[in-house]
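The chains referred to below are lettered A, B, ... by the order of the sequence lines, with proteins before strands, and numbering in each begins at 1.
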4 protein chains.
Amino acid sequence: MTNQNVHASVKDERLIEIRRDQMITGAVSLFKEKGFHRTTTREIAKAAGFSIGTLYEYIRQKEDVLYLVCDRIYDQVRERLNEDIDPNQGSIENLKKAISNYFIVMDEMQDEVLVMYQEAKSLTKDALPYVLKKELEMVEMFESILSSCVENGEIVLSDHERKLISHNIFVQGQMWGFRRWVLQSLYTLEEYTNLQIQNLLQGIHSK
Amino acid sequence: MTNQNVHASVKDERLIEIRRDQMITGAVSLFKEKGFHRTTTREIAKAAGFSIGTLYEYIRQKEDVLYLVCDRIYDQVRERLNEDIDPNQGSIENLKKAISNYFIVMDEMQDEVLVMYQEAKSLTKDALPYVLKKELEMVEMFESILSSCVENGEIVLSDHERKLISHNIFVQGQMWGFRRWVLQSLYTLEEYTNLQIQNLLQGIHSK
Amino acid sequence: MTNQNVHASVKDERLIEIRRDQMITGAVSLFKEKGFHRTTTREIAKAAGFSIGTLYEYIRQKEDVLYLVCDRIYDQVRERLNEDIDPNQGSIENLKKAISNYFIVMDEMQDEVLVMYQEAKSLTKDALPYVLKKELEMVEMFESILSSCVENGEIVLSDHERKLISHNIFVQGQMWGFRRWVLQSLYTLEEYTNLQIQNLLQGIHSK
Amino acid sequence: MTNQNVHASVKDERLIEIRRDQMITGAVSLFKEKGFHRTTTREIAKAAGFSIGTLYEYIRQKEDVLYLVCDRIYDQVRERLNEDIDPNQGSIENLKKAISNYFIVMDEMQDEVLVMYQEAKSLTKDALPYVLKKELEMVEMFESILSSCVENGEIVLSDHERKLISHNIFVQGQMWGFRRWVLQSLYTLEEYTNLQIQNLLQGIHSK
DNA sequence: TATGAATGAGCTTTCATTCAT
DNA sequence: GATGAATGAAAGCTCATTCAT
């Protein structure tokens, strides 16, 4: 699924995929280290293992790399989540599992996610909504599970509450990575997960 | 309270204060609009109302401006909070009031806070801990109130739980600004505040 | 008549002819539009209907294309003139006809001629004399007719005068295309031709 | 008379004048040698005697240099002509003098004029009409003198004829520089001038 | 103290040319 | 013979920083 939003001069679709993979891998590690603006296109090309000329055969502007990176990270996070979770199969047990899996993914990809959030503002006005849409889709996954639970009768929540709780879960996952400098010295991932789930469920159940 | 971490060639402390005020005010509005990296020092000087040469009489490097901006924003947020809240006076009512006030401040200063978080990574390794320390102090304010409540016997929380809840509150305040693109179309600030407080207290009380 | 001044890797002479025809046709229309320097080799290849790799099978450098184009335009202009004019058959009537035909050719090929003159300076030191030689041959055509007229006794001109008048005629033909922005809004081609011929002959006859 | 059509970052008008003078002088000699496209901005800066950064304090784009150069050349040619010629004082003697002076100027500035004509096509669509307007003003000078002569009764010419003859004179001046490779080996400037004047007047007088 | 002209390292991007397939 | 992916030198341009006035 070559991303057609970014123009490539090269025609061979398979090659585009390969080269962009190299590019993204290289770029992510550079962006982690120094951010988008402090990273030069030459460094990206070098990290990707090809020349600056080749880089520009696969993108049009430097910003395209950022877009590709954001796109990729989202897709990976979503893919990892979809592997483990069926959003339509709702039960408290399932919700716990979903949260736990989500936190694990966010732990493993914390560098990437951090990069994405810190740099996304550098995307053009065109690209940003596209990325935000993907983010909403992830929040909706938690909403779905919560909806199923409500339908099951396991919990009682208004639409308003359900939406907010989904966002809270989503943000708590990011929080583990963003505030790692303090949280990860206080808790293990497991402790963090358990405490957050406990807080959440106590709120919900007592309704 | 001239910030001594940033070197100035000019000696007159009062003048330093004045010029830096102008500089920060100009810079914040520019950073909001285009981010730190896309803002030039010339633009900062112009927005501040003086020449590029004068700018460099009051800072050493462009990055110093970012540092001053971050510093200022933190101080303002803290100051606003301290006006309204006494962290040692703990009661559920007080906690509610503190959260509510904090959310109001974050609503009013959402642009500034957003700027700070998106650009903070561009601070040197030296400046970052200094900024993070200030952040922790704000979290600790909620911790204090919660501690008082525990001491009062109004609620029961382990240290671990108390710390996490403080962070949750803190992050939920930021979340209002960071995720405004979705949250602020779903809720008024008041609704948001009430729902979050309700979620929080249900979790705590049922213990 | 493959132009041997430009090296080709391909051996088949007929193929060279075909490919270079495609190349020149494409290049002329591109050069008209954006000039030699702003036209890329990729664009030339594309306009010619083959790949960049193939282009370089038939030339050595980009400049070779310009040389081929200039060469071709000259040949076409000359060919068109030779169709209609016999330079050795001199008479005032014949001179008028020759001038008129020449102006018609220059009118029809004004784009090409313009391209050639504006870009010729980009030819290497090697190619330039070759092109200038061809130009002189065209001037000499008018010289020949004038010589015949002198021999006929129809007019009286020194060698010096004859040469200069030939150049004047030649330049007045180019002038129609080069200064089209003003001349073509003042005169039709026919008016222009008649007026120039009249000026010329009045000068000559009164001798 | 700083040219306001080209933006400068520097405010001091006198300095702009000085720096642009240096820039134009350097650029003309480079353009003569290698043309506009083969000349780099760095070379222009160096030839002007300052750094690349300084160059861009006085222009916005490379093309601005070309515009400034064209502008300057026209102004110089015109100035030189206006020194010697009063277009409203018409007589055959005066016309001869005007042509002669014009040819002298074109001889002395042939390099500059050549540069201007070969590169003018690289000007943006905005700048071109501005330059063409200046050119017409020069043609009109000859038109004026011819008009005076007609009014005097010294010669008889229709408007159409007068306009065309003015253009012929103008082009014959350029021709001396453009076709120097052949003309200047055949004639001295004086011979060329005399022959052209003679051709011209024979045509006019015999009417 | 305040100014702003000068600097040049360093950026993104282009494009003529090559060469393995 | 034809292709087009790969290359990297070199271009135009920006901008943080300095320093003479």
*How close or far is atom C1' of dA2(E) from atom NZ of Lys11(D), stated in whole angstroms?*
12 Å

_Separation of atom CE in Met23(A) from atom P in dT12(E), rounded to whole Å_ = 14 Å

*So, is Thr40(B) near the phosphate of dC15(F), with a side-chain N or O under 4.0 Å from OP1 or OP2?*
no

*asked:* Between Glu112(C) (side chain only) and Ile73(C) (backbone N and O only), is there a donor and an acceptor less than 3.5 Å apart?
replied: no

_So if I take every side-chain heavy atom of Lys62(A) and compare against dT13(E), dG1(F), dG4(F), which nucleotide ends up nearest?_
dT13(E)

*Might you confirm whether atom NZ of Lys32(A) has over 12 heavy atoms from other residues, nucleotides or ligands at distances under 6.0 Å?*
yes

*Identify which nucleotide among dA5(F), dT17(F), dT3(E) has an atom closest to any side-chain atom of Leu15(A), counting heavy atoms from C-beta outward.*
dA5(F)

*asked:* Counting C-beta onward and ignoring hydrogens, is there a side-chain heavy-atom pair between Asp75(C) and Lys134(C) closer than 4.5 Å?
replied: yes

*For the side chain of Ile52(A), counting heavy atoms from C-beta on, which of dT3(E), dG8(F), dT7(E) is nearest?*
dG8(F)

_Can you confirm whether Lys121(C) is buried at NZ, in the sense that more than 12 heavy atoms of other residues, nucleotides or ligands lie under 6.0 Å from that atom?_
yes

*Asp12(A) side-chain proximity, nearest of dA5(F), dC13(F), dA6(E)*: dA5(F)

*Check whether any side-chain nitrogen or oxygen of Thr54(A) sits under 4.0 Å from OP1 or OP2 of dA5(F), and answer yes or no.*
no

*Check every atom of dA5(E), dT3(E), dT17(E) against the side chain of Val10(D) and return the nucleotide holding the closest atom.*
dA5(E)

_Length of the CD-C1' vector between Glu57(B) and dA20(F), whole Å_ = 13 Å

*asked:* Is the phosphate of dA5(E) approached by Tyr58(D) (side-chain N or O, under 4.0 Å from OP1 or OP2)?
replied: no

_Separation of atom CZ in Arg60(B) from atom C1' in dT18(F), rounded to whole Å_ = 13 Å

*Verify the contact: side-chain N or O of Thr41(B) to OP1 or OP2 of dA16(F), cut-off strictly under 4.0 Å; return yes or no.*
yes

_Euclidean distance, atom CG of residue Leu55(D) to atom P of dT14(F) [Å, nearest integer]_ = 11 Å

*asked:* Just N and O in the side chain of Arg19(C): are any of them under 4.0 Å from OP1 or OP2 of dA2(F)?
replied: yes

*Quickly work out the Arg42(D) CZ to dG12(F) P distance and round it to whole Å.*
9 Å

*Verify the contact: side-chain N or O of Tyr56(D) to OP1 or OP2 of dT14(F), cut-off strictly under 4.0 Å; return yes or no.*
no

*Starting at CD1 of Ile44(A) and ending at C1' of dC11(E), how long is that distance when rounded to a whole Å?*
12 Å

*Answer whether the closest heavy-atom distance between the side chains of His37(D) and Arg38(C) falls below 4.5 Å.*
yes

